[in-house]
**Student:** 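If you scroll down you'll find the structure; I have some questions about it.
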Amino acid sequence: MWMDHRAGCQVDRINRTNHKVLRYVGGVMSVEMQPPKLLWLKENLREECWNKSGQLFDLPDFLTWKATGDNTRSFCTLVCKWTYSLDHGWDDSFWKEIGLEDICEGNYVKIGNQVMSPGASIGNCLTATAAKELGLPEGLPVAASLIDAHAGGLGVIGASLKEYGLEGEHHPITSRLALICGTSSCHMGISEKPIFVPGVWGPYYSAMIPGLWLNEGGQSATGKLIDHVVHGHIAFMELENQAKARGQHIYTYLNNHLDKIKKSGPVGFLAADLHVWPDFHGNRSPLADLTMKGMVVGLTLSKSLDDLATLYLATIQAIALGTRHILETMQTAGHHISTLHLCGGLSKNPLFVQMHADITGLPVVLSKEVESVLVGAAILGACASGDFPSIKEAMEKMSKVGKIIFPNHEDKRFYDKKYEVFLKLSSHQKEYQAIMGRM
């Protein structure tokens with residue numbers, strides 16, 4: 001549902017208000033946040049849905065409500081996606097100005113007026129009904145939740161890097177960027193003081209790690225984009241048959257195929273003349289522009305498997321170049337990032353990981369436990385149960401490094417040039433929009 005962009009008109013109207021709450025979402029609200037979605041429901045499904053709704057939940061809060069019967073919401077969900085402020089709570093003037101004044105009724109009972117920090121034990125614990133449905137003992141503590149990507153960030157960002165020489169005063173936890181990459185990608189950077197980054201969500205106080213501010217960049221389609229490009233190519237059937245014959249996943253086969261055709265140079269150089277702008281589903285960060293579209297420059301009449309493999313490579317490079325764009329925007333605003341911490345499905349793809357190291361020029365830390373979102377959720381549970389006194393201590397004990405991938409610095413000049421082209425693709429697209437807008 002987060003990926004549903006039908007509320008584009010509603011979010012445009014919200015952004016035209018220039019309300020002060022927008023300052024804490026990168027200056028521009030995303031269509032992937034909840035206020036535009038609520039406004040769409042009210043304007044398009046008033047009788048069928050809006051007038052009948054009793055509670056409006058983010059999924060993490062819905063799950064804790066189902067588990068406990070308690071309507072307490074998490075700071076994480078309300079602050080990151082609903083405009084809640086830890087200092088001031090809800091802002092009546094915002095909801096009234098955008099046409100959702102009915103949300104304010106009953107002290108915001110429909111969207112939450114009891115809020116707790118992630119990892120705090122929600123009062124009622126696991127109910128008898130939920131315990132039976134889950135096959136667990138009744139009365140277990142249930143932790144206030146995190147959004148899935150934020151749980152992934154929590155699961156990777158606290159691991160000790162001492163033995164790798166990447167810890168200490170030059171590598172504090174605030175120098176780490178958690179990159180949770182699956183269908184889409186989220187870029188989580190933390191800081192001791194609020195940093196306002198144009199086009200990057202936040203800063204959010206205590207939304208992921210208590211006492212620290214969070215900025216959240218992102219790309220709306222990454223794993224989804226790779227699948228779209230590969231499955232849509234005319235050589236996909238050949239790829240599928242070849243991979244099946246060898247008992248390999250299609251992406252393992254493609255990675256091996258690229259190694260075969262690369263000849264003597266680095267594999268990344270195969271895409272020297274093929275460039276992709278990856279915003280096939282709009283730009284979440286750092287442009288915060290829903291109107292951006294995907295671009296591919298350098299196509300030929302080729303229908304071969306080699307052509308498919310090269311387009312796959314160029315798409316992965318484009319996603320990594322997008323991460324560099326987000327990273328540089330955050331650095332310009334005041335973040336100091338020295339390591340990337342990857343998790344999620346795409347972190348299992350060695351080509352995806354190496355391209356992120358080479359293109360950003362930073363070491364990529366991979367967790368021992370690949371499913372880091374589950375580690376983050378377990379950290380919350382361990383705090384709610386009292387096994388750890390704080391999230392910080394639980395993070396340090398429960399997060400472990402699997403391996404670290406270092407960049408190939410000898411390829412830096414090539415990727416600097418790719419990045420220069422990448423930025424030109426963006427500026428050229430805006431020029432084309434301006435030309436066509438003059439009709």
Side-chain angles (χ1 to χ4, degrees), residues 60 63-64 67-68 72-77 79-80 86 115-123 125-126 139-180 186 188-194 202-216 335-344 365-404:
L63 292 173
T64 55
T68 65
T72 298
R73 312 296 177 103
S74 164
F75 279 154
C76 177
T77 50
V79 169
C80 294
L86 291 191
V115 191
M116 295 184 79
S117 295
S121 179
I122 292 180
C125 297
L126 195 65
L140 281 178
V142 175
S145 58
L146 283 170
I147 297 166
D148 53 358
H150 299 65
L154 192 67
V156 297
I157 210 166
S160 173
L161 299 176
K162 277 182 184 175
E163 62 184 281
Y164 303 95
L166 295 173
E167 198 159 298
E169 62 179 281
H170 298 299
H171 299 280
I173 193 170
T174 52
S175 70
R176 303 175 181 185
L177 185 80
L179 177 49
I180 301 86
C186 297
M188 308 288 192
I190 53 177
S191 57
E192 293 180 351
K193 294 181 179 179
Y204 304 130
Y205 186 65
S206 291
M208 187 171 79
I209 299 174
L212 293 175
W213 292 84
L214 171 70
N215 285 104
E216 180 185 351
H335 281 276
H336 301 282
I337 307 297
S338 60
T339 51
L340 301 181
H341 295 247
L342 263 63
C343 69
V365 179
L366 298 177
S367 293
K368 188 174 182 181
E369 171 53 65
V370 177
E371 304 297 345
S372 296
V373 173
L374 301 184
V375 175
I379 287 169
L380 298 179
C383 290
S385 66
D387 286 281
F388 289 99
S390 69
I391 282 180
K392 187 174 183 295
E393 190 170 328
M395 273 171 35
E396 291 169 354
K397 297 286 186 183
M398 296 175 69
S399 302
K400 304 291 180 188
V401 173
K403 60 180 176 179
I404 298 181

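Just so it is clear, the model here is predicted, and its values are computed rather than measured.
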**Student:** With heavy-atom distances below 4.5 Å as the criterion, would you say the side chains of L179 and H341 are in contact?
**Tutor:** no

**Student:** Run the side chain to side chain donor-acceptor pair (under 3.5 Å) test against S385 and tell me which residues pass, sequence neighbours left out.
**Tutor:** D387

**Student:** Donor-acceptor pair, S399 side chain versus G155 backbone, under 3.5 Å?
**Tutor:**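 Side chain of S399 to backbone of G155, a donor-acceptor pair under 3.5 Å: yes, one is there.
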
**Student:** Decide yes or no for L214 and I209: does some side-chain heavy atom of the first lie under 4.5 Å from some side-chain heavy atom of the second?
**Tutor:**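 Contact flag for L214/I209 side chains = no.
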
**Student:** Do you know which two heavy atoms are closest between T77 and P60, and how far apart they sit?
**Tutor:** CG2-CG, 3.9 Å

**Student:** Just verifying a value: how many Å separate H335 NE2 and W213 CH2, rounded to the nearest 0.5 Å?
**Tutor:** 11.5 Å

**Student:** Which atoms form the tightest heavy-atom contact between M395 and G158, and what is the distance?
**Tutor:**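 Scanning both residues, the minimum pair turns out to be CE-CA, 3.6 Å.
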
**Student:** So do M208 and I190 actually touch side chain to side chain, heavy atoms under 4.5 Å?
**Tutor:** yes

**Student:** For A394, enumerate each residue passing the side chain to side chain contact (heavy atoms under 4.5 Å, CB included) test, keeping only those at least two apart in sequence or located in another chain.
**Tutor:** I379, C383, F388, M398

**Student:** Could you go step by step and tell me if V365 and R176 meet the side chain to side chain contact (heavy atoms under 4.5 Å, CB included) rule?
**Tutor:** CA-CA 10 Å; V365 179; R176 303 175 181 185; over 6 Å; no

**Student:** Less than 4.5 Å apart, side chain to side chain, heavy atoms only: is that true for L161 and V401?
**Tutor:**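 Yes - at least one pair of side-chain heavy atoms lies under 4.5 Å apart.
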
**Student:** Is the shortest heavy-atom distance from the side chain of C80 to the side chain of I147 under 4.5 Å?
**Tutor:**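 C80 reaches I147 side chain to side chain.
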
**Student:** For a quick test of reading the model, state the closest non-hydrogen atom pair linking T339 to I337 and the distance between them.
**Tutor:**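 Taking T339 first and I337 second, the nearest heavy atoms are O-CG2, 3.6 Å.
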
**Student:** State the CG-CG distance between D148 and L374, to the nearest 0.5 angstrom.
**Tutor:**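 Nearest 0.5 Å value for the CG-CG distance: 10.5 Å.
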
**Student:** Using the test side chain to side chain contact (heavy atoms under 4.5 Å, CB included), find all partners of L86 that sit at least two apart in sequence or belong to another chain.
**Tutor:** F75, V79, Y84, Y205, S206

**Student:** Applying side chain to side chain contact (heavy atoms under 4.5 Å, CB included) to L380 and I391, what does each step give before you reach the verdict?
**Tutor:** CA-CA 7 Å; L380 298 179; I391 282 180; 4.0 Å; yes

**Student:** If you look at every heavy atom in A143 and G119, which pair is closest and at what distance?
**Tutor:**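 It is CB-CA, 4.0 Å.
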
**Student:** What pairs meet the salt bridge (charged side-chain N to carboxylate O under 4.0 Å, His left out) rule with one or both residues in residues 391-400, with sequence neighbours excluded?
**Tutor:**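 Every pair satisfying salt bridge (charged side-chain N to carboxylate O under 4.0 Å, His left out) with a residue in residues 391-400: K392-E396.
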
**Student:** Could you check whether any side-chain heavy atom of M188 comes within less than 4.5 Å of a side-chain heavy atom of I157, counting everything from C-beta outward?
**Tutor:** no

**Student:** P118 and S74: which non-hydrogen atoms are nearest, and at how many Å?
**Tutor:** CG-OG, 3.8 Å

**Student:** Taking salt bridge (charged side-chain N to carboxylate O under 4.0 Å, His left out) as the cut-off, I'd like each qualifying pair that reaches into residues 204-216, sequence neighbours left out, listed once.
**Tutor:** K81-E216

**Student:** Using the test side chain to side chain contact (heavy atoms under 4.5 Å, CB included), find all partners of C343 that sit at least two apart in sequence or belong to another chain.
**Tutor:**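 Testing C343 for side chain to side chain contact (heavy atoms under 4.5 Å, CB included), a comparison that skips the adjacent residues, returns V156, I180, S372.
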
**Student:** So, for V373 and A151, which heavy atoms are closest and what is the spacing to 0.1 Å?
**Tutor:**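 Of all heavy-atom pairs spanning V373 and A151, the closest is O-CB, 3.7 Å.
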
